[in-house]
Amino acid sequence: PGDKSSTSRLFTCDSCIVEDKAAQSLLNKIIHTSLVNTTNQVEVLQRDPNSPLYSVKTFEELRLKEELLKGVYSMGFNRPSKIQENALPMMLAEPPQNLIAQSQSGTGKTAAFALAMLSHVNPAKKWTQCLCISPTYELALQTGKVIEQMGKYYPEVKLAYAIRGNKLDRGMKLQEQIVIGTPGTVLDWCSKLKIIDPKKISVFVLDEADVMIATQGHQDQSIRIQRMLPKECQMLLFSATFEDSVWKFAERVVPDPNIIKLKREEETLDTIKQYYVLCSDKEEKFTALCNIYGAITIAQAMIFCHTRKTAGWLAAELTKEGHVVALLSGEMTVEQRAAVIERFREGKEKVLVTTNVCSRGIDVEQVSVVINFDLPMDKDGNADNETYLHRIGRTGRFGKRGLAVNMIDSKHSMNILNQIEDHFNKKINKLDTDDLDEIEKISN
Ligand SMILES: Nc1ncnc2c1ncn2[C@@H]1O[C@H](COP(=O)(O)OP(=O)(O)OP(=O)(O)O)[C@@H](O)[C@H]1O
């Protein structure tokens with residue numbers, strides 16, 4: 001029953017859409033087919049500050065089993081990612097060290113602990129030695145896939161999934177050395193059904209800790225599992241974000257940890273030209289948008305709308321005008337959304353119309369223009385500055401100059417715009433979209 005919330009769809013409540021954190025996380029996993037770029041430095045906090053700080057630049061230095069090194073290279077990995085440089089030596093050290101690691105999605109965490117689990121397993125022993133818990137069924141499957149790929153040349157090591165629907169009889173002993181699953185089922189297998197002997201676990205991984213604690217009941221189940229493990233069991237915890245609540249949870253689950261953090265790339269408005277356009281309704285906003293498209297060349301644009309209805313309408317209008325439009329909408333499954341984002345990334349569509357909930361947490365870096373067809377606001381109707389920065393901040397990354405246009409159609413939206421100006425202490429200039437010459441100027 002604890003897995004009910006683990007569906008990858010979205011829930012609709014009145015006019016708002018409550019996004020499942022797990023769905024976002026899954027979406028990020030699916031669309032990150034390669035490492036995310038980062039120029040930030042890894043922060044390392046060692047439990048024992050006197051022991052030397054190892055970091056590796058190659059996989060060879062880790063003295064992995066031949067079978068695993070082959071597996072790593074077969075996945076196209078040439079060298080460890082930033083976080084792996086530090087995390088892998090700690091995870092593979094003798095005696096084993098505990099680790100709490102935080103870095104955004106796509107930086108190589110899953111690959112790191114998959115490798116650690118595979119390295120620690122003794123294939124001659126036919127019982128479960130490594131246990132990994134994930135917040136949802138889908139996330140567990142996704143992680144399992146990575147372990148399977150990496151262990152491709154190491155077929156003696158077997159993997160089992162402790163997820164709903166996978167029914168096993170009480171008292172039977174699991175022979176698979178690695179088990180990955182959701183907290184409820186894993187807890188059942190360890191306690192009620194006694195399929196796994198928790199005392200024989202030597203590596204425990206808790207993945208997506210931030211998503212985990214957002215789900216009712218998962219936190220307690222995770223702690224109950226952890227309490228059954230032997231003291232010398234290696235404990236590893238991973239999270240994409242690190243709020244206080246995650247931190248408190250991590251400290252309960254991982255005793256004496258080493259800590260590794262990799263900050264997100266800063267988002268900035270410094271390299272972005274920001275404008276606003278005055279309109280009276282959504283039809284006028286659409287006309288203004290067409291005028292902008294008529295005056296300047298736009299490689300790729302993202303257009304944000306407040307509701308699903310507006311997004312659908314706008315996508316249809318743009319299509320009528322001959323644009324090739326991609327639409328991200330709330331009723332789509334994670335897989336459908338991943339496919340839309342992938343197509344947009346490949347440049348198959350030049351315009352992406354989306355509501356905010358659908359696009360949160362997604363990095364599409366090649367966008368040159370962002371249009372706020374509706375301004376971002378919180379549930380009280382105030383400016384949502386963080387979302388504004390996240391929408392716009394992506395256009396000016398990696399040395400490119402971005403362009404952002406805000407559509408204003410009421411006193412309220414003007415008010416939000418003013419709040420945003422105040423918050424970032426940057427003036428947003430007015431643009432007259434009836435004046436083609438003026439629009440042309442902004443693209444220079
Ligand atoms: N050392 C590496 N070299 C090249 N690619 C890598 C390396 N490590 C991981 N990758 C690839 O980068 C992508 C992201 O890695 P991974 O899934 O491990 O990151 P993550 O931090 O766990 O993110 P998420 O939580 O979203 O899964 C994957 O496609 C993975 O195959």
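It should be emphasised that the depicted structure is a prediction, and the values quoted were computed from it without experimental measurement. First listed ligand is number 1; within each ligand, the first listed atom is number 1.
- With F77, F113, Y73 as candidates, the residue nearest to atom 2 (C) of ligand 1 on a non-hydrogen basis is F77.
- Between Y293 and H323, the gap from one ring centroid to the other is short of 6.0 Å.
- Between A111 and ligand 1, at least one N/O pair is under 3.5 Å apart.
- Residue contact check: Q104 has heavy atoms under 4.0 Å from atoms 21 (O) of ligand 1.
- For F59, every heavy-atom contact with ligand 1 shorter than 4.0 Å involves the side chain, none the backbone.
- When each atom of ligand 1 is checked for a heavy atom of S81 under 4.0 Å away, the hits are 1 (N).
- Contacts with ligand 1 closer than 4.0 Å are made by side-chain heavy atoms of Q84 only, the backbone lying farther away.
- For atom 22 (O) of ligand 1, the nearest protein heavy atom (residue, atom name, distance) is T110 OG1, 2.5 Å.
- Rounded to the nearest 0.5 angstrom, S119 OG and F113 CZ are separated by 13.5 Å.
- Per-residue contacts place T107 under 4.0 angstrom from the following atoms of ligand 1 (heavy atoms of the residue considered): 19 (O), 20 (P), 21 (O).
- Annotation: atom 27 (O) of ligand 1 to nearest protein heavy atom, K29 NZ, 2.8 Å.
- Polar contact check, N78 against ligand 1: no nitrogen or oxygen pair lies under 3.5 Å apart.
- The part of R79 lying near ligand 1 is the backbone, judged by heavy-atom distances below 4.0 Å.
- With respect to E85 and K57, a salt bridge is recorded, a charged nitrogen being found less than 4.0 Å from a carboxylate O.
- Counting protein heavy atoms only, atom 29 (O) of ligand 1 is closest to H32 O, 3.1 Å.
- Put simply, the side chain of Q129 never gets that close to the backbone of I201: no donor and acceptor are under 3.5 Å apart.
- Remark: among candidates A101, A114, G106, the nearest residue to atom 14 (C) of ligand 1 is G106, based on non-hydrogen atoms.
- The closest protein non-hydrogen atom to atom 26 (O) of ligand 1 is S105 OG, 2.4 Å.
- Between K173 and D197 there is no salt bridge, since no side-chain N of the basic residue sits under 4.0 Å from a carboxylate O of the acidic one.
- In this structure, E346 pairs ionically with K348, as a charged nitrogen and a carboxylate oxygen lie closer than 4.0 Å.
- Looking at K109, its side chain does come within 3.5 Å of a backbone N or O of Q104 through a donor-acceptor pair.
- For the atom pair CD1 of I178 and OH of Y161, the computed distance is 10.0 Å after rounding to the nearest 0.5 Å.
- Defined by atom type and a distance below 3.5 Å, a donor-acceptor pair is missing between the side-chain atoms of E317 and T319.
- By the 6.0 Å and 45° rule, R164 stacks over the aromatic ring of Y137.
- For the pair G108 and ligand 1, the shortest N or O to N or O distance falls below 3.5 Å.
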